[in-house]
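To keep things clear, I will list the structure first and then write my remarks on it.
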Amino acid sequence: MKKIFLLLFVSFSISYINAQTGNRDSIIQLLQNDTEDTSRVLHLADLSYEYLESKPDTTMALALEALTLATQIGFLKGKAASLNRIGNVYSGSGNYAKAMEVYLQALQINEKINNPEGKGTNFNSIGVITKAQEDYRVALDYFLQAKAIAEEINEKHLLSRSLYNIGQCYFGLKKYDSASLYSVQAYNVANNINYSRIIGTILKGMGNIDLENNQYVLALEHFRLSLPHLKKGASFNVISSSYLGISKVFEKLQQKDSVLFYAKQSLDIAKEKGFVEEFRNAARFLSLYYRKFNADSAFFYQDISRAANDSLFSQQKQKQFQSLSFDEKLRQLEMATADLKTKEERKRNLQYAAIVVGLISFIILFFVLSRSIIVKEKFIKFFGVVGLLAVFEFINLYIHPYLDRATNHSPFIMLAILICIGALLVPLHHKMEKWITKIMIEKNKKIRLEAAKKTIATLEKD
């Protein structure tokens, strides 16, 4: 009976399901139909997440595109979502410090706009990188905050992820009863909403907990149940880990053939898909297991494990370089955003200055051309000075970027050029002031003369 069960189990486990990209395709379809920029930002952020494990470069490119558009249209919710995706990429590359920096930027935005779902996602993301550094108690605090928000707004996807991560923290603290409790809660929530992306990971985690609790039959069942979900989501690194977990269960059950079969399945999948860490773990396990009865095979897998370890070190170096590349892309975006903001502010200031110059010119012309209003000379001088300052400021705003480049950001040279411009404007201002004053005096005389004539004519009639 055991052999029949094992045969059925083997045939079920090794039958791969084609990786489905339905969610990715549906998001791409939504992007093609987007008419609103805000929707496009959120869909770009969602699509970037779909490539996180397989193509981090694509994730970063899509997230940066979303961040650029969100910044241009002032869409803070989309900006926070994009920053969280960028943080995911840094987290995946092992640059936890930069990931934390970006996550905190996203959190500040979500707090500013009072976006609870965004805050919950940020807390969960911060908890993940804290957990990766084995600071389980601090990570637990972040996950509990995320859980509380998810329950408050009834966001089941966030809740299932938070519960799973809480369970993993307790697993790291070797509190297996609590780890099992929260893992079961996470599975129930994810299963109720058919959140297939995480169900397989939760089941694999439950298998590891059962293995530590010496519940081998239950562990085997959880590992087995995790495989269809993991294959559906193309989570091959977790699939490799699940096969290795099954192998460890059979090691405890002292079933040699099954131990070797599943350990080699784990090794082959990790090798085929390029997951170096999982490949090393499987090779190390096989090396240790073969020491019991086959020294040659033990040394063979030991050499493979060492080579994988060296490759993993090289991969970590590559990730560091990749992280630097991501830093540069983000820096370029920040520079472009700052430059765009500066140009917009300059354009706005130019418009304000032009409005002021136009208003002053209109007022002066109105009084000059008016046939009934007497204007004092002090009034003309006052508006003349204000107009001179407005014109000077307008010129300064207009030529400042060109001066900045031409003088190589030298304050002394820029000041000297602006003084020269002022020196040219002052005599021109005096000439304009004298000309306008002369016109106003002549106009005032005519107004007074006409008023006197009307008064005399009225008196003569009386």
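Here, residue 1 is the first one in the sequence, and each next residue gets the next number.
Judged purely by distance below 3.5 Å, without hydrogens or angles, the side chains of Y103 and N88 pair a donor atom with an acceptor atom. In summary, the side chains of Q29 and D25 do not present any donor paired with an acceptor at a separation below 3.5 Å, with no hydrogens or angles considered.
Checked against S266 for a side-chain hydrogen bond (donor to acceptor under 3.5 Å, both in side chains), the options S241, S240, S247 give a single hit: S240. For the side chain to side chain contact (heavy atoms under 4.5 Å, CB included) test with S242, the passing option among T201, N237, L227, I269 is L227; the others fail.
Ion pair R40/E65 flagged as a salt bridge, since at least one NZ, NE, NH1 or NH2 atom sits closer than 4.0 Å to an Asp/Glu carboxylate oxygen.
The local environment of NZ in K112 is sparse, with at most 12 non-hydrogen atoms from other residues, nucleotides or ligands closer than 6.0 Å. With a 6.0 Å radius and a threshold of 12 heavy atoms from other residues, nucleotides or ligands, Q32 has its CD atom above the threshold. Within 6.0 Å of CD on Q133 lie more than 12 heavy atoms contributed by other residues, nucleotides or ligands.
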Trace of the side chain to side chain contact (heavy atoms under 4.5 Å, CB included) decision for N192 with K156 = CA-CA 9 Å; N192 285 337; K156 301 297 185 181; over 6 Å; no
Any chance you could lay out the side chain to side chain contact (heavy atoms under 4.5 Å, CB included) test for Y262 and L244, step after step, and finish with the verdict?
-> CA-CA 6 Å; Y262 285 104; L244 187 58; over 6 Å; no
Trace of the side chain to side chain contact (heavy atoms under 4.5 Å, CB included) decision for L69 with F75 = CA-CA 8 Å; L69 182 56; F75 183 35; over 6 Å; no
Between D141 and Q145, does a side-chain hydrogen bond (donor to acceptor under 3.5 Å, both in side chains) hold up when you go through it step by step?
-> CA-CA 6 Å; D141 182 58; Q145 290 185 70; 3.3 Å; yes
Verify side chain to side chain contact (heavy atoms under 4.5 Å, CB included) between Y243 and L267, making sure each step is shown before the conclusion.
-> CA-CA 9 Å; Y243 276 129; L267 187 77; over 6 Å; no
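When atom types are taken as modelled, the side chain of N165 and the backbone of R161 share a donor-acceptor pair closer than 3.5 angstrom. With hydrogens and angles ignored, the 3.5 Å screen pairs a side-chain donor or acceptor of T68 with a backbone N or O of L64. Distance alone, capped at 3.5 Å, is enough to place a donor-acceptor pair between the E155 side chain and the L158 backbone. Under the 3.5 Å distance criterion, the side-chain polar atoms of T121 are matched with a main-chain donor or acceptor of E117. With S287 contributing its side chain and R284 its backbone, the two residues share no donor-acceptor pair below 3.5 Å.
Taking the six-membered ring for Trp and the full ring otherwise, Y164 and Y182 have centroids separated by 6.0 Å or more.
A cation-pi arrangement is absent between K248 and F223 under the rule of less than 6.0 angstrom and at most 45 degrees off the ring axis. Both tests hold for K273 against F236: distance to the six-membered ring centre under 6.0 Å, angle to the ring axis within 45°.
Aromatic ring pairs are classed by plane angle as parallel below 30°, tilted from 30° to 60° and perpendicular above 60°; the pair H157 and Y195 is perpendicular. F285 and Y289 have parallel rings, their planes meeting at less than 30° on a 0 to 90° scale where 60° marks the start of perpendicular.
Heavy atoms only, all atoms of each residue included: A219 and L211 are closest at CB-N, 3.8 Å.
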